[in-house]
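The shown structure was predicted, so the numbers you read here are calculated from the model rather than taken from an experiment.
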Amino acid sequence: MNFLAHIYLSGNNDFVTIGNFIADGIRGKQYQKFPKDIQIGILLHREIDTFTDAHPTVRQSTKRLHEKYSHYSGVIVDILYDHFLAKNWNAYCNVPLERYVDNFYKLLEDNFEILPVRTQKMLPFMITDNWLVSYAEIDGIQRVLEGMNRRTKNKSKMNLATTELKQFYTEFESEFTSFFKELEAFSKKKKQEIINTF
């Protein structure tokens, strides 16, 4: 899953949310240097990624892209799934997306010193271009995919993937909706299990 899903699946603990958000930049046991709730968020993020990557519904989505995008297919599906979460946000959360995202940006700004350098550098761009809200529109997803493609020095061709998003929109949305219901239940259960280990 991509940023918005990880943030949402953290629940309402601010520091678990921060941990879940920064987790991709934290390697191995480095997570242990953070406060407990941030550690929980990092560990939860890893569990979510493992569950997602192995799930047959996600693999079905990925398979549709594999011939053209090879090992980048999973990254693309993560981004497409965030589109469907943002687009259908009101079905999942009673706080409007714009307000939810503004609160999240403020949380990061208020705890800037905790964030890894990589996240600190990314944050101004994320806020200025309002990435999380932009996911709700195909144009926003296009900008994200163009950025990802630039980071692969144009090898991934991920910037072309909105073609498949439009072509198989109904299929991707149906797969997301089915999968995300399971992921929500899994995340809730797994978070409690992680909390119990501390």
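- In this structure, the side chains of P116 and I26 come closer than 4.5 Å at one or more pairs of heavy atoms.
- In the hydrophobic clustering of this structure, V144 groups with F125; members are Ile, Leu, Val, Met, Phe, Trp, Tyr whose side-chain heavy atoms approach within less than 4.5 Å, directly or through other members.
- Rounding to the nearest 0.5 Å gives a distance of 9.0 Å between CD1 of I42 and OH of Y31.
- Of all heavy-atom pairs between Q60 and E175, the closest is NE2-OE2, 3.2 Å.
- In this structure, A86 and L132 approach most closely via the heavy-atom pair CB-O, 4.3 Å.
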Verdict with supporting geometry, Y72 and N149, side-chain hydrogen bond (donor to acceptor under 3.5 Å, both in side chains) = CA-CA 10 Å; Y72 296 106; N149 184 53; over 6 Å; no
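- A donor-acceptor contact closer than 3.5 angstrom links the side chains of T162 and Q142.
- At least one donor-acceptor pair closer than 3.5 Å links the side chain of K157 to the backbone N or O of N154.
- Remark: I18 CD1 to N111 CG distance equals 4.0 Å, nearest 0.5 Å.
- Of the charged side-chain nitrogens involved, at least one lies within less than 4.0 Å of a carboxylate oxygen, so that E173 and K87 count as a salt-bridged pair.
- With rounding to the nearest 0.5 Å, the separation of OG1 in T62 from NE2 in H71 is 13.5 Å.
- The side chain to side chain donor-acceptor pair (under 3.5 Å) pairs that include a residue from residues 1-16 are N2-Y135, H6-N20, H6-H45, H6-D49, Y8-E184, S10-N20, N13-D37, where partners are two or more places apart or lie in different chains.
- For the residue pair S61/Y81, the side-chain donor-acceptor check at 3.5 Å is satisfied.
- Among all heavy-atom pairs drawn from L43 and I194, the shortest one is C-CD1, 3.8 Å.
- The ring of Y169 has its center closer than 6.0 angstrom to the ring center of F84.
- For Q32, the CD atom sits in a packed shell: over 12 heavy atoms of surrounding residues, nucleotides or ligands are nearer than 6.0 Å.
- Looking only at side-chain heavy atoms (C-beta outward), L123 and F112 come within less than 4.5 Å of each other.
- Here the straight-line distance linking atom CG of L4 with atom CG of L97 works out to 6.0 Å at 0.5 Å rounding.
- In this structure, F21 has its ring center closer than 6.0 angstrom to the ring center of F3.
- Side-chain contact between L160 and K68 is present, with at least one heavy-atom pair separated by less than 4.5 Å.
- With a 6.0 Å radius and a threshold of 12 heavy atoms from other residues, nucleotides or ligands, E171 has its CD atom above the threshold.
- Within the model, atoms CG of L165 and CD1 of I138 stand 5.0 Å from one another, a figure rounded to the nearest 0.5 Å.
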Decide side-chain contact (heavy atoms from CB on, under 4.5 Å) for V16 and I38; before the verdict, give the C-alpha distance in whole Å, the side-chain angles of both, and the deciding distance to 0.1 Å.
-> CA-CA 5 Å; V16 171; I38 291 182; over 6 Å; no
May I have the step-by-step check of side-chain contact (heavy atoms from CB on, under 4.5 Å) for R150 and N159, ending in yes or no?
-> CA-CA 9 Å; R150 280 195 299 275; N159 57 307; over 6 Å; no
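- Between the CG atom in L85 and the CD1 atom in I7 there is a gap of 9.5 Å [rounded to 0.5 Å].
- A parallel orientation is assigned to the rings of F51 and F186, their planes being inclined by less than 30° (bins at 30° and 60°).
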Would you check, one step at a time, whether the test side-chain contact (heavy atoms from CB on, under 4.5 Å) holds for D78 with V58?
-> CA-CA 9 Å; D78 283 348; V58 178; 5.6 Å; no
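- Within 6.0 Å of NZ on K189 lie no more than 12 heavy atoms contributed by other residues, nucleotides or ligands.
- F180 places a side-chain heavy atom less than 4.5 Å from the side chain of Y92.
- Put simply, the side chain of R64 never gets that close to the backbone of F168: no donor and acceptor are under 3.5 Å apart.
- Under a 3.5 Å cut-off, the side chain of Q120 and the backbone N or O of L115 do form a donor-acceptor pair.
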Before giving the answer on salt bridge (Lys or Arg N to Asp or Glu O under 4.0 Å), spell out for K190 and E193 the whole-Å C-alpha distance, their side-chain angles and the decisive distance to 0.1 Å.
-> CA-CA 5 Å; K190 188 55 69 173; E193 287 175 11; 3.0 Å; yes
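- The shortest non-hydrogen separation linking R46 to R27 is NH2-C, 3.8 Å.
- No donor-acceptor pair closer than 3.5 Å links the side chain of S156 to the backbone N or O of T152.
- Side chains of Y100 and C93 form a contact here, defined as non-hydrogen atoms less than 4.5 Å apart.
- Nearest approach of G11 to T17, heavy atoms of both residues: O-OG1, 3.8 Å.
- The ring pair (Phe, Tyr, Trp, His ring centres under 6.0 Å) test applied to W131 returns no partner, not counting sequence neighbours.
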Mind running side-chain contact (heavy atoms from CB on, under 4.5 Å) on Q39 and F198 for me, showing each step along the way?
-> CA-CA 10 Å; Q39 289 188 43; F198 278 82; 3.4 Å; yes
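- The closest side-chain heavy-atom distance from I195 to I40 is below 4.5 Å.
- Counting only heavy atoms from C-beta outward, the side chains of Y105 and N130 approach each other to under 4.5 Å.
- Residues L44 and S187 approach most closely at CD1-O, 3.8 Å, considering heavy atoms.
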What's the verdict on salt bridge (Lys or Arg N to Asp or Glu O under 4.0 Å) for K106 and D102, showing C-alpha distance, side-chain angles and the deciding distance?
-> CA-CA 6 Å; K106 185 173 187 312; D102 282 346; over 6 Å; no
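- In this structure, the side chain of T52 engages the main chain of I48 through a donor-acceptor pair within 3.5 Å.
- Side-chain contact between R143 and D129 is absent, with no heavy-atom pair separated by less than 4.5 Å.
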